[in-house]
Amino acid sequence: MARRAHPRPASAVRPFKLLRPPLKVWIDLTILYPLPPHHASKFNPEGFDVRRVVPGDLVEWSITVDGDWLGRVTYELMSRDRSETVTHWVPSRALKPL
């Protein structure tokens, strides 16, 4: 049976659901790190690149008190000379199956 990338309705699951093994997903960093309105900063090629979609591992689903789904993901945040492994909760709208 194929595993779903999107969670079931809130009434059908418990608040936390571990995924074993993790599910491979795309993470849209532009949703996680949106530019503020009227953004006027200069481009810096040395900074972290948060204007891309990156692969990652979805390890857990949870739901907020308002009924919004969050996925706990691990992915690489990259700059020109540095890579950081990041794990945190992100809104489900930022995730797509790989």
With clusters defined by side-chain heavy atoms of hydrophobic residues (ILVMFWY) lying less than 4.5 Å apart, directly or transitively, does [Y] cluster with [X]?
X: V25; Y: M78; value: no
X: V50; Y: L32; value: yes
X: I27; Y: V59; value: no
X: V90; Y: W26; value: no
X: W89; Y: V86; value: no

* **Donor-acceptor pair between E76 and T85 side chains, under 3.5 angstrom** =>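 Yes - a donor-acceptor pair under 3.5 Å links their side chains.
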* Side chains of T64 and D66: is there a donor and an acceptor less than 3.5 Å apart? ->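 Their side chains do not contain a donor-acceptor pair, so the 3.5 Å distance test is not met.
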Is the backbone of [Y] close enough, under 3.5 Å, to the side chain of [X] for a donor and an acceptor to pair up by distance?
X: R72; Y: S62; result: no
X: N44; Y: E46; result: yes
X: T87; Y: T74; result: no

I'd like to check [X] versus [Y] (side-chain heavy atoms, cut-off strictly below 4.5 Å). Are they in contact?
X: V73; Y: P22; value: no
X: Y75; Y: L29; value: yes
X: W61; Y: L19; value: yes

* Asked: Out of curiosity, L70 CG to F16 CZ, how far, rounded to the nearest 0.5 Å?
  ->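 CZ of F16 is found 9.0 Å from CG of L70.
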* Asked: Taking atom CZ of R52 and atom CG of L77, what is their separation to the nearest 0.5 Å?
  ->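 Here the rounded value is 9.5 Å.
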* Asked: How far apart are the C-alpha atoms of L95 and L58, what are their side-chain angles, what is the distance that settles it, and do they pass the side chain to side chain contact (heavy atoms under 4.5 Å, CB included) test?
  -> CA-CA 9 Å; L95 305 175; L58 174 63; 4.0 Å; yes
* Please name the pair of heavy atoms, one in R93 and one in K96, separated by the smallest distance, quoted to 0.1 Å. =>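 Distance-wise, the nearest heavy atoms are O-NZ, 4.0 Å.
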* **Nearest heavy-atom neighbours spanning R51 and L35** =>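 Closest approach of R51 to L35: NH2-CD2, 3.2 Å.
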